[in-house]
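Some notes on the structure that comes next.
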Amino acid sequence: MRTPTAVGFLDADCFYVSAERVRDSFLMKKPVGVLGNQGACVIARSYEMKGAGVDVAMPVWEARAICPEGIYVKRDFRWYEVLSRAMLGVVRDISARVEYYSIDEFFFAVGPMPGLSFQETAEAIRAKILAEVGVSVTVGIARTRTLAKLLAKSAKPEGARAMLGRDGETALLADRPVTAITGIAGRRAKRLLPWNILTCLDLARADRRLVRDLLTATGEALWWELNGEAVQPIRPERVAHKTLSRGGSFGESTLDPIILYAWLVRNLERLIEELEYHGVRAGRLTVWVGYKDGQSGVGQANLAVPADRFDLLLDVARPCLRAAWVPRVPAARMQVIAEHLVPRGRAQIGLFDDPESAARAEAVARLKREINLRHGRFALRSAATLPLAAIYKDNANGYDICDVRGKGCF
Amino acid sequence: MCAGITLAWSELPTELIGRHNLHRIALERGGEKEVRFLFRDRRPRLPIWRDGRLQVVRWGNGRGQSRFLPRTGWTWQSTIDEGGWRNSGAIPVDIPATLGLERGIWYRVRQGIRGLLVPDERGIAVVYMICEPASHYYQVMTRSDRMPVLIQERI
């Protein structure tokens with residue numbers, strides 16, 4: 001007889017805080033916030049701090065006012081990755097098909113463990129992670145990815161639930177707003193509103209063709225998933241990137257175009273590392289700048305020939321920044337995005353490329369890579385980044401969430 | 001600058017708690033008792049490790065108890081390096097701390113903070129917290145341009 005299989009979803013509870021607590025038991029049961037954006041914002045908070053009303057992305061100054069007893073710690077993505085990969089290892093011991101969805105979320109194919117029910121299996125997985133990694137997690141087991149994720153989110157924190165029957169699913173879906181589904185946020189939820197689709201159950205019971213019309217094929221896939229048909233597979237291998245980007249908050253906003261340019265060069269150097277790692281070249285570059293007053297600016301340009309070389313990309317990025325720049329408004333964040341990615345080996349060669357200068361640029365890039373490999377990331381970097389000396393001095397800025405590779409999403 | 005620290009109640013000997021009435025400045029956070037040493041206290045004090053013993057001594061000279069010592073609770077690392085405390089009888093000490101407080105922000109301190117212990121003209125031990133220019137992170141988090149010198153830690 002074939003062992004019945006289902007989809008498991010494992011989600012760490014306030015992961016960054018849990019990770020800090022693994023190495024620092026002093027933080028247990030206290031209101032703790034992990035700060036990102038160079039110390040400006042709360043990027044994760046404990047349930048105690050959440051209970052006080054502190055939200056993710058809240059500036060530390062606002063958080064301080066509503067949770068004066070809160071304790072703040074600095075983010076450390078190197079450590080979070082260690083624990084993330086340890087969790088991944090445990091899940092891989094349990095299942096042969098595991099998707100590394102995000103730093104603290106995993107989908108996996110799961111059958112009941114020998115002698116256990118699905119519910120007991122969910123509890124056993126939760127206990128195993130806690131025992132072997134020290135992180136508190138919630139596990140959901142259901143017929144599809146979407147149902148497993150909804151179930152786990154409804155059971156947080158420290159939950160373990162298995163639900164493979166329609167009756168239980170109906171109650172779960174009726175209880176959750178449609179926005180609880182990953183992929184349905186503001187704009188999509190608004191489109192559903194005139195049709196009185198407010199809960200997950202409303203969406204599951206809506207006409208499939210209507211859902212397709214309103215939310216395209218992506219929405220239809222969700223409709224099938226909510227109705228128990230697994231149409232979204234578990235992907236043990238990450239799907240190839242369509243775009244690559246690097247950037248983030250500056251921590252402190254800036255009016256200074258020299259500093260803005262320094263951020264552009266820093267983000268570009270990080271993007272080139274990523275292009276090299278994935279063995280692709282960029283055919284188009286976009287520079288997006290977010291300003292403190294809420295507006296944003298965008299500059300975009302196609303490259304004559306796809307490239308991963310610093311000099312060529314910077315030549316394109318510079319006018320993009322000029323287009324995205326709004327003078328006299330403090331800039332707060334930036335993203336540099338590479339699109340139209342072409343595998344390195346298949347990239348077209350430019351008709352007017354000077355082979356000598358190309359070889360020289362390749363040699364410089366190689367030397368830079370080797371020096372940084374030996375002496376530390378960014379040991380050798382463009383002099384244009386000198387205004388950001390304080391950023392480079394802080395070791396924590398040398399490794400970000402996006403540097404944790406292999407996961408499906410942010 | 002760092003305006004206070006906490007130390008877990010469990011890290012303080014009972015005898016020291018009794019002698020210095022530390023229960024008066026004890027509070028609970030997350031179900032765990034801690035002692036808060038604040039510069040704004042009527043009698044600002046700090047714990048220090050000296051000769052392998054934990055002691056509680058006066059924090060700085062903010063109220064002008066001494067006519068000769070600087071009327072502050074902090075001293076720059078650069079002042080020490082440049083010999084500003086030479087011939088004062090000052091010795092380096094460690095200030096144990098579990099948390100630091102700056103402009104209302106409590107941040108984790110793993111080991112403690114460097115301090116400088118000096119006698120005043122009556123021979124009473126006074127500790128100054130040693131500070132340095134704030135790191136970018138500390139500056140963004142607290143909006144302060146100086147930070148305490150942490151023991152074997154850089155945030």
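From a predicted model like this one, the values you see are computed outputs, not experimental measurements. Note: hydrogens, waters and symmetry copies are ignored here, and every other heavy atom, side chains too, is used. Order of the sequence lines fixes the chain letters, A, B, ..., with proteins taken first and strands second; residue numbering starts at 1 for each chain.
In this structure, A:R64 forms no cation-pi arrangement with B:W106, as its terminal cationic atom is not both closer than 6.0 Å to the ring centre and no more than 45° off the ring axis. Judged by the 6.0 Å distance and 45° axis criteria, A:R333 is not positioned over the aromatic ring of A:F250. Under a cutoff of 6.0 Å and an axis angle of 45°, A:K74 and B:Y138 do not form a cation-pi pair.
Within the 4.5 angstrom heavy-atom criterion, no atom of A:E48 approaches chain B. For a residue to count as touching a neighbouring chain, one of its non-hydrogen atoms must lie under 4.5 Å from one of that chain's; by this rule B:R143 touches chain A with backbone and side chain alike. In this structure, the portion of A:N37 lying under 4.5 Å from any heavy atom of chain B is its backbone and not its side chain.
Of the listed residues (A:D394, A:L35, A:V32), the one with the most heavy-atom contacts under 4.5 Å to chain B is A:L35. Note: A:Q38 leads A:K393, A:Q38, A:E252 in heavy-atom pairs under 4.5 Å with chain B. Highest contact tally toward chain A, considering only B:L99, B:I155, B:T142, B:L27, is held by B:L99 [criterion: heavy-atom pairs under 4.5 Å]. For the set A:I391, A:D24, A:V73, the entry with the most heavy-atom pairs within less than 4.5 Å of chain B is A:D24. By number of non-hydrogen pairs under 4.5 angstrom with chain B, the leading residue of A:N397, A:N395, A:V60, A:I71 is A:I71.
Salt bridge status for A:E273 with A:R377: present, with a side-chain N to carboxylate O gap under 4.0 Å.
The environment of B:R43 atom CZ is sparse: at most 12 non-hydrogen atoms of other residues, nucleotides or ligands sit within 6.0 angstrom.
Put simply, the residue from A:R21, A:K30, A:M28 that forms a side-chain contact (heavy atoms from CB on, under 4.5 Å) with A:S46 is A:R21.
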